[in-house]
2 protein chains.
Amino acid sequence: MQHKPIQILIVDDHPMVIEGLKTLLSDDDRVTVKTHFMNGTDTLTFLAKDTVNVVLLDVNLPDINGVEMVSKILNIRANIGIIGLSTYSEPSIINQMIKNGVKGYLLKNATADELVNAISQVHQGHFYFGSEVQKILADSVAQEHNDLPRLTRREKHILTLIADGKTTNTIAEELFISPLTVETHRRNLMQKLEVSNAASLIKVAVEKQLI
Amino acid sequence: MQHKPIQILIVDDHPMVIEGLKTLLSDDDRVTVKTHFMNGTDTLTFLAKDTVNVVLLDVNLPDINGVEMVSKILNIRANIGIIGLSTYSEPSIINQMIKNGVKGYLLKNATADELVNAISQVHQGHFYFGSEVQKILADSVAQEHNDLPRLTRREKHILTLIADGKTTNTIAEELFISPLTVETHRRNLMQKLEVSNAASLIKVAVEKQLI
DNA sequence: ATCAATATACCGGAAAACCAGTAGAAAAAA
DNA sequence: TTTTTTCTACTGGTTTTCCGGTATATTGAT
């Protein structure tokens, strides 16, 4: 069965990229480029009165930054699928974009096949991230996850109890051990995580995902 | 062009589910179920010497929990795509699974079409999440963001300094105000976030994304 | 100009956390 | 079995936090 083509809106301030995308997509009758804009404001104005299925959004626009654009677009038309596009790739920006609701992310060297596949998946409400993008994200996650201090089972347990706001004495009662022992554990925890009080202990524990 | 079928491994402790999946997948020649196991240990033993392309992994196994299974599988065979399966859906677990590297997540009421599409996408290294799963995740994010207590600018600032492990006196010096004032702020923070010490203050602050 | 919210500051006392060091029993690993 | 790690527990102290109040100056909005 043949569906009606997926309507695309391209947002990019480089004419070359726009033409390139149009050419790549012109061969495939599953998609059709409805229109394009070279800045954020015009795009939002258009979307206020008309709509498309999928937006190909350059991250570096002259007037509005990519992350904000995503929220603004979804604010106007919640069921538009947005695919982020950029030449380079900063993990933090990609992460923010995902949090704000992009369904896909590609580098600009994507092939026509990849592009159409991404559009198709995103149009169906699924995610699509180019392999390079995934690699970049994985690397950035890996970097956060590297030098985790090894906590013992007991330490992890006590750590969560501390996070719950329980005092040394309460914890001791709960575990049927001496308060002095609990304190020793807490001090060992602080030493391992290189902090000097319970507040920052909890902060780094959360950061390192030990809680 | 016709690729060779994607090899599937099913892990689930319910024979009914295994048979159901096999039947659903048998009609499609893009995939083939290589084998199945009913617990985590056997699965890992198998993967130590043989491999498949995609694992359909039930989250509730008798011996090893789903989240751990994901790490263990990827530890042995980094390039296997894992799709989580469950009947119900707890956001936190799904989130953990994603962090640990599942590429897809489906509820067990998925159609054959959806199943094959998910397998195909995951096999190509992309993500695939069923629409119900996405909804659940979106809801859980929304719920976290609701009743945020309103903190003043000063309070937010002091909150971050507390999270950095600084003492009342240090903070006071840094801000050129009296330690007593800093303490008042800290006490107000604790009252607003309904906690009784700095450790849990930081925990709920992180949870509510105030830090 | 007035009123509410915010930021500032204090007292006195109790409770808890933090520090430096030591050390034996139990469990796990070699 | 021996060794190492983990869990347990202590002494004796200092520092910091936590609690229940009170109170004034400053800022922001109406």
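Since the structure is predicted, the reported quantities are computational estimates derived from the model, not experimental observations. Chain identifiers are assigned alphabetically (A, B, ...) following the order of the sequence lines, protein sequences preceding nucleic acid strands; residue numbering begins at 1 within each chain.
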Is it true that [Y] and [X] share a donor-acceptor pair across their side chains at a distance under 3.5 Å?
X: B/Ser120; Y: B/Arg30; answer: no
X: B/Asp42; Y: B/Thr45; answer: no
X: A/Thr167; Y: A/Thr170; answer: yes

Quiz item: Do the side chain of A/Glu183 and the base of C/dC19 come within less than 3.5 angstrom through a donor-acceptor pair of N or O atoms?
Solution: yes
Anything under 3.5 Å between a protein N or O and an N or O of nucleotides 2-9 of chain C, put it in a table, one pair a line.
| unit_1 | atom_1 | unit_2 | atom_2 | d |
| --- | --- | --- | --- | --- |
| C/dA7 | OP1 | B/Arg154 | N | 3.2 |
| C/dA7 | OP2 | B/Thr152 | OG1 | 2.3 |
| C/dT8 | OP1 | B/Arg154 | NE | 3.2 |
| C/dT8 | OP1 | B/Arg154 | NH2 | 2.6 |
| C/dT8 | OP2 | B/Arg154 | NE | 2.8 |
| C/dT8 | OP2 | B/His185 | NE2 | 3.0 |
| C/dA9 | OP2 | B/Ser178 | N | 2.5 |
| C/dA9 | OP2 | B/Thr181 | OG1 | 2.9 |
| C/dA9 | O5' | B/Thr181 | OG1 | 3.2 |

Quiz item: Okay, side chain of B/Asn60, backbone of B/Asn65: is any donor-acceptor separation there less than 3.5 Å?
Solution: no
Quiz item: Checking A/Asn53 side chain against A/Gln7 main chain: does a donor-acceptor pair fall under 3.5 Å?
Solution: yes
Can you check the [X] [atom1] to [N] [atom2] distance for me, whole Å?
X: A/His157; N: D/dT6; atom1: NE2; atom2: C1'; answer: 16 Å
X: B/Asn169; N: C/dC10; atom1: CG; atom2: P; answer: 12 Å
X: A/Met190; N: D/dT15; atom1: CE; atom2: C1'; answer: 12 Å
X: A/Lys156; N: D/dC7; atom1: NZ; atom2: P; answer: 10 Å
X: B/Asn197; N: C/dA16; atom1: CG; atom2: P; answer: 10 Å
X: B/Ile202; N: D/dT17; atom1: CD1; atom2: C1'; answer: 14 Å
X: B/Arg186; N: C/dA15; atom1: CZ; atom2: C1'; answer: 13 Å
X: A/Leu193; N: C/dC18; atom1: CG; atom2: C1'; answer: 16 Å

Quiz item: Do NZ/NE/NH1/NH2 and the carboxylate oxygens of B/Glu155 and B/Lys192 come within less than 4.0 Å?
Solution: yes
Quiz item: Does a nitrogen or oxygen in the side chain of A/Arg187 sit under 4.0 Å from OP1 or OP2 of C/dC19?
Solution: no
Exercise. Would you indicate, yes or no, if D/dT16 has its OP1 or OP2 atom less than 4.0 angstrom from a side-chain nitrogen or oxygen of B/Thr168?
Key: no
Practice problem: Between C/dA20, C/dC18, D/dC19, spot the one nearest the side chain of A/Ala198, thanks. | Solution: C/dC18
Quiz item: What pairs with A/Gln134 under side chain to side chain donor-acceptor pair (under 3.5 Å), at least two apart in sequence or on another chain?
Solution: B/Lys103
